[in-house]
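What follows is a short report on a single structure.
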Amino acid sequence: MNKNLISRTALIVFLSAITLFSGCSKDYLEIMAVTGATPLAIREKVPQSLTLRVDGMVKKEYVFKSDSLNAFSSTRIRTREVAKDGKFLGTYIYNGIPAYNILEGIAPEKPKTAAFDKPLDMLVVFTSSTGKKSVFSYGELIMTDDSLPVTLAFHRKQLLPTTDREKYDKNVYRENIKGLRLICPRESDDARYLDDVVKITLVVPKIDDSILPSMKKGAKCESKTITCLYDGTEKKGSFEGVPVRKLNRIVRVGHGRGFKTISDVQGYGLKAFLDKNFPEFGESDYFLFVACDGYRSILSAREIYGTRDGESMIITNKIDGKAPQGKYMLMPSADYFVDRNVWGLSHILLIKQGE
């Protein structure tokens, strides 16, 4: 018999024995056999005891148990976690399921009397086993790109330095997680992280629709001004002192109809505009952007002010040198899909936490 064949057979037998006695995964051993490497990034499975419910304004309520959760495509993410007070909490590696992977298969359903028939003015509420909540806009989970996604993690381990690993004491969390931990790697602190998530609920915030333009599909209209609404008052939005931003080669792809353009755009920085026109708001509040034809999109203050994507959000007044349809347009330019763009932006409503 060929000596190489004998050697390969002996190696396979040896690795099989390791599997039986050490509990190593089959995938891990296959990688070792083929490459000779010792992989650090190996697949983890959702623990058997977990359950996740999705309810609220949906066509069908779902209850995902461990076997169902294991069927979702998962990801591996490194985090550098910082508390709201600035305290460093450590570096970790998580395995988990991006919220997008779950929500893209959940069909929202609003009442027939809803002021807007799309889900872009909805909120997504994550609830823990103790009743604590973490809230996101629907769009920041569905329309953004795949880098550093909001994720329901089911496995955590410390990310340790290569030198003096056994002496390293900067990681606050030493143990694996129990349950599903909501992690938000894009954000500057852990304010929206949440342990032991058991439920996701889709809701529409309660607002006075009578003060906003009604939905008129296909209407040709223009927003001559932007009305800012907060605390029962309204005022004409001012661009005085708001810096102009120019962004090049913005790839514009729609969720429903695909590729649109690759464009150079100009506009006013969204953060600077909100700072000037809304005297008081908190990081847990939300802004509802409404067009003159009733199209709506809600963004969280956390996303606008606490992520890198927020830096490139603008109120556009030129696309490829020309005024956009409707004069002003909200553009979260880092989004994967353009569906949160609001053509003919005419109203911005501040929604306080709990409203």
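When a residue number appears, it is its place in the shown sequence, counting from 1.
Taking the six-membered ring for Trp and thresholds of 30 and 60 degrees, F273 and F239 have ring planes inclined between 30 and 60 degrees apart.
At a threshold of 4.5 Å between side-chain heavy atoms, the hydrophobic network of Ile, Leu, Val, Met, Phe, Trp and Tyr places I200 and M57 in one connected group. Both L270 and F337 belong to a common hydrophobic cluster when Ile, Leu, Val, Met, Phe, Trp and Tyr are linked at side-chain heavy-atom distances under 4.5 angstrom. Residues Y328 and L330 share a single hydrophobic cluster, defined by chaining ILVMFWY side chains whose heavy atoms lie under 4.5 Å apart. There is a path of hydrophobic side-chain contacts, each under 4.5 Å, that joins L152 to I142. In the hydrophobic cluster analysis, where Ile, Leu, Val, Met, Phe, Trp and Tyr join through side-chain heavy atoms closer than 4.5 angstrom, L194 is grouped apart from Y173.
In this structure, the side chain of D320 engages the main chain of D264 through a donor-acceptor pair within 3.5 Å. In this structure, T91 contributes its side chain and L159 its backbone to a donor-acceptor pair below 3.5 Å. Although no hydrogens or angles enter the test, the distance criterion places a donor-acceptor pair under 3.5 Å between the side chain of S66 and the main chain of P47. At least one donor-acceptor pair closer than 3.5 Å links the side chain of K110 to the backbone N or O of F116. Using modelled atom types, one side-chain atom of T151 and one backbone atom of P149 make a donor-acceptor pair closer than 3.5 Å. S297 places no side-chain N or O within donor-acceptor distance of the main-chain N or O of V342, the cut-off being under 3.5 Å. Of the possible donor and acceptor atoms, none in the side chain of N95 sits under 3.5 Å from a partner among the backbone N and O of R76. Side-chain N or O atoms of S223 include none that pairs as donor or acceptor with a backbone N or O of I226 at under 3.5 Å.
When side chains are defined from C-beta on, F287 counts as touching L350, because their heavy atoms get closer than 4.5 Å. Considering only heavy atoms from C-beta on, M329 stays 4.5 Å or farther from L345 through its side chain. In this structure the side chain of Y92 never reaches within 4.5 angstrom of the side chain of I183, judged on heavy atoms. A heavy-atom distance below 4.5 Å is not found between the side chains of F72 and V46. Taking the side chain as every heavy atom from C-beta outward, Y295 and D339 approach each other to under 4.5 Å. Residues L212 and L288 have side chains in contact (heavy-atom distance under 4.5 Å, counting atoms from C-beta outward). Using a 4.5 Å cut-off on side-chain heavy atoms (C-beta onward), F154 and I97 make contact. Side-chain atoms of D231 and P279, non-hydrogen and from C-beta on, never get closer than 4.5 Å to each other.
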Output a table of donor-acceptor pairs, distance under 3.5 Å, between side-chain atoms of residues 100-108 and any protein atom two or more places apart or on a different chain; print 'none' if there are none.
from: Y100; atom 1: OH; to: E104; atom 2: OE1; distance (Å): 3.2
from: N101; atom 1: ND2; to: S73; atom 2: O; distance (Å): 2.8

Listing, residues 244-252 side-chain donor-acceptor contacts under 3.5 Å, not counting sequence neighbours, or none:
from: R245; atom 1: NH1; to: E311; atom 2: O; distance (Å): 2.7
from: R245; atom 1: NH2; to: E311; atom 2: O; distance (Å): 3.4
from: R252; atom 1: NH1; to: T261; atom 2: OG1; distance (Å): 3.3

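Remark: N70 CG to R43 CZ distance equals 6.0 Å, nearest 0.5 Å. Atom NE2 of residue H347 and atom CD1 of residue I211 lie 8.0 Å apart, to the nearest 0.5 angstrom. Here the CG-CG distance, from L299 to L120, works out to 9.5 Å after rounding to the nearest 0.5 Å. The CD atom of Q266 lies 8.5 Å from the CD1 atom of I314; values are rounded to the nearest 0.5 Å. Note that OG of S137 is 8.0 Å distant from OH of Y286, once rounded to the nearest 0.5 Å.
If you check the side chains of T51 and K65, you find no donor sitting under 3.5 Å from an acceptor.
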Show, in sequence, the C-alpha distance, side-chain angles and deciding distance for K271 and M313, and conclude whether the side-chain contact (heavy atoms from CB on, under 4.5 Å) test is met.
CA-CA 8 Å; K271 290 199 300 184; M313 294 179 180; over 6 Å; no
Problem set entry | salt bridge (Lys or Arg N to Asp or Glu O under 4.0 Å) between R186 and D145, intermediate numbers included | CA-CA 11 Å; R186 292 177 189 263; D145 67 21; 2.8 Å; yes
* Asked: Could you go step by step and tell me if E81 and R156 meet the salt bridge (Lys or Arg N to Asp or Glu O under 4.0 Å) rule?
  -> CA-CA 13 Å; E81 297 180 26; R156 175 182 65 201; 5.6 Å; no
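Surrounding NZ of K87 are at most 12 heavy atoms belonging to other residues, nucleotides or ligands under 6.0 Å away. Surrounding CZ of R257 are at most 12 heavy atoms belonging to other residues, nucleotides or ligands under 6.0 Å away.
For the salt bridge (charged side-chain N to carboxylate O under 4.0 Å, His left out) with E140, the lone residue among R192, R302, R340 that qualifies is R192.
Y62 carries K60 over the face of its six-membered ring, with the cationic atom under 6.0 Å from the centre and within 45° of the normal.
In plain terms, the two heavy atoms of S346 and C292 that are nearest each other are OG-N, 3.4 Å. In this structure, D121 and P205 approach most closely via the heavy-atom pair O-CD, 3.4 Å.
A salt bridge between K157 and E44 is absent, with no side-chain N of the basic residue lying under 4.0 Å from a carboxylate O of the acidic one. Between D293 and K216, no side-chain nitrogen of the basic residue sits less than 4.0 Å from a carboxylate oxygen of the acidic one, so the salt-bridge criterion is not met.
Taking the side-chain contact (heavy atoms from CB on, under 4.5 Å) definition, one finds that E240 meets it with S238, K276, sequence neighbours left out.
F126 has its ring centre less than 6.0 Å from the ring centre of F136.
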